[in-house]
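Down below is the structure, laid out as structure tokens.
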Amino acid sequence: MSGFDDIPFFDEEPAPRKQQPPATGGIAARAMAARDRQQRPDYLSGLNPEQAEAVESLDGPVLVLAGAGTGKTRVLTTRIAHILSTGRAFPSQILSVTFTNKAAREMKERIGVLVGHAVEGMPWLGTFHSIGVKLLRRHAELVGLRSDFTILDTDDVIRLIKQIIQAEGLDDKRWPAKQFAGMIDGWKNKGLDPAQIPEGDARAFANGKGRELYAAYQNRLRTLNACDFGDLLLHPIRMFRSNPDVLKEYHDKFRYILVDEYQDTNTAQYMWLRLLAQRPKGVPQNVCCVGDDDQSIYGWRGAEVDNILRFEKDFPGAKVIKLERNYRSTEHILGAAAHLIAHNEGRLGKTLFTERTDPDDEKVQVHAAWDSEEEARAVGEEIEQLQRKSHKLNDMAILVRASFQMREFEDRFVTLGLNYRVIGGPRFYERLEIRDAMAYFRLVCQPADDLAFERIVNTPKRGLGDTTIRTLHDYARARDVPMLAAATDIIETDELKPKARKGLFDVVADFRRWQGLLETTPHTELAEQILDESGYTAMWQNDKSAEAPGRLENLKELIRSMEAFESLRGFLEHVSLVMDAEQNENLDAVSIMTLHSAKGLEFDTVFLPGWEEGLFPHQRALDEGGRSGLEEERRLAYVGITRAKHRCHIWFVSNRRIHGLWQSTLPSRFLDELPITHVDVAESEQSYGGYGRGGYGQSRFDKADPFQNNYSTPGWKRAQQNRSDATRDNWGSRSGHAVERIGYGESGPRSRTIDGELVAKSTSTEPSRFTVGDRVFHMKFGNGNISAIEGNKLTIDFDKAGQKRVLDGFVEKV
DNA sequence: ACTAAGATAGTTTTT
DNA sequence: CTATCTTAGT
């Protein structure tokens, strides 16, 4: 290998090693450079010239415009490896920022492959937020926090804001906390303090009390010793601005700065980066930002594409390197994507190309369907067809604009018995039971965490109702002490009724005991003890509802996942920052997700349904975002197409039900922006059952002017209607695999959870072994009576869970 | 304190 | 339409 063995991996560098001499240096340096040229290290050999340039341009600012599938991550990781192997910096002197934990994890893994153990010493590789936390824990006192501050998630924030709104004597119906939380988030994305927000914004909420409320909120956070996510960026910025000496320390420390997905940075992140990247005159700013302006799809949450467009102005003398050589997709897919995105103005201008050309590559297919049901049915059929040709379901994805579109596909796949996986949606940590458990743990570690206190003080029920909480709250506010401390005081008094007093006494005693055990008992053991002794476990054990066993299972999982951490505190930190959980990758399943969550992923076959005006581009993006809104939608379309390696199938329907009522829809303008040379209008194939061959047959794409909107002519509609009817007859009842959804969401089987996957299980095609009226038991929903039978699908009125449709393989006669 | 009926809103999501 | 949240009633 290439000289990584001597890379030290200290967290703190012992002494700065001198920088590589400039190119004009002495003879030795030139000799070394010559040697380097001859003997390029292994890790550089697989790079194309542009990638190699991006890796090797270490001095001064560099912007890498990396198109989709051009090896962006490879460049980033190799660049780090290069910095390390040439001895230009220690691992701890490289600041490397990503947006998501997933990206950070991936980079760590890949650097690990390149440099082995040295990755252990990269303490500053992480998300903006996790690095922000790290900075704040070190310097908390400089922004008026203690270093053991709590990180609040959105749910905590909303509850807190609600309290503040109510405390101001405002109607929390008329002025929803959620909305205000959104506004605060927006301000923080822009890096604005209460004093700095625009007058108009301040006036827009609660009769002009916006600014006041924002300030009150910040004060409250301060007294709670807490931060919201925005503060994790803003506090470091404040700290650096008011403490130049601290900033200097980090300037000296970070010799190289790398930023991934630069097009997604918001103003606060930009300010943060500017502060850290500033160098005295003459010292090179070794900043490398990697991104793709064409994939900027988060404008609505504060990302400023402008940051990337402005890079060369911000960092004078910046080198801009474009990566346009694509290793992912066929020429048709790239051609279609390129032509589409070319309709955007205000781009830096890249055109992806590939060197591979295969006459067998299919063009991008555009399909029409009558309605979303038919769309789902046809996509399902295509998937099954591919599956018959032994394509893996794992290599296929359905990418939708909005999550409501997923439903139709899920329903269809359930009946087909196709395994699918929903990516996104509510996650593990957001579940009720996990949040409750976490609140217990938080309060043990953090007695001042009032939000945690309020969450669990009466969970399980301890007879501590609203009145008790209010009394406590008032007392705590009046004396400016945390609520747990207030509780400790108040149980000594006769303030409360005996019942409440007893309940509260027990809570206080419990927490005092657990806190005492914090240092001595292993944290997983303690966690279990807390859940048992608090009666929380028992609460779910006594709960007869169908989802209770699942919740208990999730709690066990929570404890299990703690094992990887050193302490309860370490675990809490992890959970507050890393909120995702991994999927079961062993299962072969089609992925269903939004276009937004698909960014960064790739699939052999990609289905893009719902390309209709109003849905995609979304009406609201058009109404609220105007031209730039449209452009962002177009970038989203571009992201969608470029996820595909080999097959990209786009669909649109003529009729869609929106908010319950049927609307006839027009095909998306984006379809008209696709180049005819790379696109085929899919004729219905044999596999559709033959009914698609004749009759309605001709699509508009076969006509002279293929890109006219004429889908909504009466003839077309009638033809579609016929086809639709035929389809129904052919596919009305079908059986193959029995399917069940695993996972226990908050709201029954419809909710999307991390393990919202389907497990195939074969069933017979024989007549049902059940009859209407049978009393049956279901693993998840409990007991119920069959009210209807349709092939292998049963409609059952469950005693607890209500009416559900399930497959017969999962119920037993009682 | 829990259930049932009524009201309401309804892109995209990470940290 | 339907999921979610709020309110009213037991």
Side-chain angles (χ1 to χ4, degrees), chain A residues 97-104 126-133 151-158 172-173 176-179 182 185 188-189 227-234 261 264-266 268-269 296-303 372 399-408 423-427 429-430 458-467 545 573-580 593-600 610 614-625 629 632-633 635-637 639-640 656-663 745-752 800 802:
Chain A
V97 204
T98 63
F99 269 82
T100 62
N101 292 297
K102 197 177 153 205
T127 61
F128 277 102
H129 298 267
S130 65
I131 291 170
V133 173
I151 302 163
L152 303 185
D153 64 31
T154 21
D155 204 72
D156 297 323
V157 167
I158 288 167
D172 65 315
K173 305 272 149 45
K178 214 174 158 188
Q179 191 195 334
D185 203 48
K188 291 194 172 180
N189 284 157
C227 278
D228 62 17
F229 283 118
D231 288 340
L232 299 180
L233 294 169
L234 291 192
E261 304 281 16
D264 288 338
T265 45
N266 61 37
Q269 285 156 339
S296 161
I297 54 175
Y298 286 112
W300 52 273
R301 69 176 196 210
S372 52
L399 311 182
V400 297
R401 173 66 243 266
S403 45
F404 74 83
Q405 292 173 263
M406 294 178 177
R407 194 213 173 109
E408 207 97 47
I423 315 275
R427 289 168 295 177
Y429 78 96
E430 286 174 322
N458 199 30
T459 312
K461 297 278 177 290
R462 301 181 175 100
L464 303 166
D466 280 353
T467 1
S545 70
E573 178 103 338
H574 170 82
V575 173
S576 59
L577 291 171
V578 179
M579 292 160 161
D580 54 353
M593 68 188 95
T594 61
L595 286 160
H596 283 92
S597 25
K599 197 171 86 163
L615 176 59
F616 194 33
H618 199 280
Q619 193 55 50
R620 231 160 127 169
L622 261 28
D623 293 346
E624 287 163 23
E632 184 154 310
E633 295 286 288
R635 291 194 288 269
L636 201 49
V639 166
R656 193 174 285 279
R657 202 163 41 185
I658 298 161
H659 301 341
L661 34 107
W662 284 95
Q663 307 224 288
E746 300 303 332
S747 50
R750 179 56 57 193
S751 83
R752 308 205 159 82
K800 296 271 189 240

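These figures come from a predicted structure and were not determined experimentally. Every chain is numbered from 1 and lettered A, B, ... according to where its sequence line falls, protein lines coming before strand lines. Any value given below was found using the heavy atoms of this structure, including those in side chains, with hydrogens, waters and symmetry copies removed.
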Give a yes or no on whether a donor-acceptor pair under 3.5 Å exists between the nucleobase atoms of B:dT11, that is its base, and the side chain of A:Arg620. no
Distance, rounded to the nearest Å, where A:Arg635 contributes CZ and B:dT12 contributes P: 18 Å
Does a side-chain N or O from A:Ser597 land closer than 4.0 Å to OP1 or OP2 of B:dT13, or not? yes
Side chain to side chain contact (heavy atoms under 4.5 Å, CB included), that's the test. Do A:Arg401 and A:Leu636 meet it? Break it down for me. CA-CA 9 Å; A:Arg401 173 66 243 266; A:Leu636 201 49; 3.4 Å; yes
Quantified in whole Å, what is the P atom distance between nucleotide C:dC5 and nucleotide B:dT12? 15 Å
Interatomic distance, A:Leu595 CG vs B:dT14 P [rounded to whole Å]: 14 Å
Rounded to whole Å, the CD1-C1' distance (A:Ile658 to B:dT11) equals 12 Å
With nearest nucleotides of DNA chain B determined for A:Leu636 and A:Leu464 from heavy-atom distances, which residue corresponds to the more 5′ nucleotide? A:Leu464
Distance check: side-chain N/O of A:Thr154 vs OP1/OP2 of B:dT15, anything under 4.0 Å? no
Could you tell me whether the phosphate oxygens of B:dT14, OP1 or OP2, come under 4.0 Å of any side-chain nitrogen or oxygen in A:Lys102? no
Before you tell me yes or no, could you show the steps for A:Ser296 and A:Arg635 under side chain to side chain contact (heavy atoms under 4.5 Å, CB included), namely the whole-Å CA-CA distance, both residues' side-chain angles and the distance that decides it to 0.1 Å? CA-CA 7 Å; A:Ser296 161; A:Arg635 291 194 288 269; 3.8 Å; yes
On DNA chain B, nearest-nucleotide positions of A:Lys461 versus A:His618: which is more 5'? A:Lys461
Rounding to 0.5 Å, atoms CD (A:Gln619) and CD (A:Glu633) come to a distance of 10.0 Å
Of B:dT13, B:dT14, B:dT11, the nucleotide closest to the side chain of A:Ala402 is B:dT11
Among B:dT15, C:dC1, B:dT12, the one nearest any side-chain atom of A:Arg657 is C:dC1
Starting at atom CD of A:Glu573, determine the distance to atom C1' of B:dT15, rounded to an integer number of angstrom. 13 Å
If you round to the nearest 0.5 Å, how far is CZ of A:Arg620 from CG of A:Leu615? 13.5 Å
Answer yes or no as to whether B:dG10 has its base stacked against A:His659, where stacking requires a ring-centre separation under 5.5 angstrom and planes under 30 degrees apart. yes
As a test of reading the structure: which of B:dT13, B:dA1, B:dT11 is closest to the side chain of A:Thr594, going by heavy atoms? B:dT13
Whole-Å distance between C:dT2 P and A:Glu408 CD? 11 Å
In whole angstrom, give me the gap between the P atoms of C:dT4 and B:dT13. 15 Å
Round to a whole Å and report the spacing from CZ of A:Arg301 to P of B:dT13. 9 Å
Side chain of A:Thr100: nearest nucleotide among B:dT15, B:dT12, B:dA1? B:dT15
A:Leu595 and A:Gly640: which non-hydrogen atoms are nearest, and at how many Å? CD2-CA, 3.6 Å
Quick check: A:Trp300 with A:His596 (ring centres under 6.0 Å apart)? yes
Centroid distance below 5.5 Å plus an interplanar angle below 30 degrees: do A:His129 and B:dT15 meet both conditions? no
With both distances under 3.5 Å as the test, what is the Watson-Crick or G-U wobble partner of B:dT8? C:dA3
May I have the distance from A:Ile151 (atom CD1) to B:dT14 (atom C1'), rounded to whole angstrom? 14 Å
Rounded interatomic separation in angstrom, taking CH2 from A:Trp300 and P from B:dT15: 12 Å
With respect to the phosphate group of B:dT15, does any side-chain polar atom (N or O) of A:Asn101 fall under 4.0 Å of OP1 or OP2? yes
